[in-house]
Amino acid sequence: MKANRKTSFLILILAVLTCTFSQVNAKEKDWNKELEKGYHELKMGNIDESIKIFQGKVNKNPSSGKCHCALGEALKKKGQHDPAKKEFLLATQVEPSFGEAFYHLGQCYEFDNQWQEAINSYRRYKELAPEASNRQALEDRISFCEGKI
């Protein structure tokens, strides 16, 4: 019985260390460089290829908000709104300080007429990216959504 407890405990410790290392490793990567090929394919109109690339990145880096967000952008461009929304939501969950995901999630909520959720997402983006260049457009989006409630 003691051997089982020790084994279970060691497995738990190993799992925690692996997860922690994965998260630290994900934050150290240069995501612009890592996702460059997928964004290039997306820009060239090769949406399916970009989805394939981004899905591979998500599979290898599930704790990266940037990977989930990139996949969400490609899915959104393909017109797959619900899967895109899911990716943006995952991005905000795995990396709560990644502002861009909140912006995209806000757009999805707005598209679905989920006005309060859109407002909350846009405001969170505003908190996380106070120097964003789209500040006035963001304020306009928030005002628009508030007018719908």
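Just so you know, these numbers come straight off a predicted model, no measurement behind them. As a basis for the values below, the full set of heavy atoms in this structure was taken, side chains included, without hydrogen atoms, waters or symmetry mates.
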Looking at every heavy atom in both [X] and [Y], which two are closest together, and how far apart are they?
X    : Y    : answer
C145 : A118 : SG-CB, 3.9 Å
C67  : L35  : SG-CD2, 4.1 Å
L75  : I51  : CD2-CD1, 3.8 Å
S50  : A74  : OG-CB, 3.6 Å

- Message: Are I47 and M44 connected into the same hydrophobic cluster when the rule is that any two of I, L, V, M, F, W, Y join if their side-chain heavy atoms are below 4.5 Å apart?
- Response: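 The answer is no; the residues belong to distinct hydrophobic clusters.
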- Message: Assess, by modelled atom type and distance only, whether the side chains of K66 and N61 contain a donor and an acceptor separated by less than 3.5 Å.
- Response: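 Result is no, nothing qualifies.
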- Message: Just by distance, no angles: are the side chains of D112 and H81 close enough, under 3.5 Å, to form a donor-acceptor pair?
- Response: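 Their side chains do contain a donor-acceptor pair, which is all the 3.5 Å distance test asks for.
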- Message: Would R141 and Y122 count as a cation-pi pair here, with the cationic atom under 6.0 angstrom from the ring centre and within 45° of the axis?
- Response: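 Checked: cation-pi criterion not met.
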Polar side-chain atom of [X] near backbone of [Y] as donor-acceptor pair, under 3.5 Å:
X   : Y   : result
E95 : G65 : yes
D30 : N32 : yes
H68 : P62 : yes

- Task: Check step by step if salt bridge (charged side-chain N to carboxylate O under 4.0 Å, His left out) holds for K33 and E36.
- Result: CA-CA 5 Å; K33 187 174 181 179; E36 183 177 24; over 6 Å; no
- Item | Worked verdict on Y103 versus E100 for side chain to side chain contact (heavy atoms under 4.5 Å, CB included) | CA-CA 5 Å; Y103 181 78; E100 185 181 337; 5.5 Å; no
- How far does NZ of K76 sit from CG of L42, to the nearest 0.5 angstrom?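 If we round to the nearest 0.5 Å, K76:NZ and L42:CG are 11.5 Å apart.
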- To the nearest 0.5 angstrom, please state how far the CD atom of E41 sits from the CZ atom of F54.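 Between E41 CD and F54 CZ, I get 9.5 Å after rounding to 0.5 Å.
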- Task: Sort out for me which residue in Q116, E117, R123 forms a side-chain hydrogen bond (donor to acceptor under 3.5 Å, both in side chains) with N120.
- Result: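 Of the listed options, the one satisfying the test is Q116.
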- Please test W115 against Y109 for side chain to side chain contact (heavy atoms under 4.5 Å, CB included), starting from the C-alpha separation and ending with a verdict. CA-CA 7 Å; W115 308 116; Y109 284 137; over 6 Å; no
N/O donor-acceptor pairs under 3.5 Å from side chains in residues 128-139, not counting sequence neighbours:
residue	atom	partner	partner atom	Å
N134	OD1	Y125	OH	3.3
Q136	NE2	D140	OD1	2.9
E139	OE2	K126	NZ	2.8

- K148 and E110 ion-paired at < 4.0 Å: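 E110 and K148: not salt-bridged.
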- Give a yes or no on whether F111 atom CZ has more than 12 heavy-atom contacts from other residues, nucleotides or ligands under 6.0 Å away.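 Incorrect, the count does not exceed 12.
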- Check the pair F88, T92 against side chain to side chain contact (heavy atoms under 4.5 Å, CB included), reporting the backbone distance first and the verdict last. CA-CA 6 Å; F88 296 136; T92 66; 5.7 Å; no
- Query: Given Q107 and K85, is the side-chain hydrogen bond (donor to acceptor under 3.5 Å, both in side chains) satisfied, shown in steps?
  - Reply: CA-CA 9 Å; Q107 290 178 317; K85 185 177 177 181; over 6 Å; no
- Query: Side-chain contact, heavy-atom cut-off 4.5 Å: K57 with K60?
  - Reply: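 No, their side chains stay 4.5 Å or more apart.
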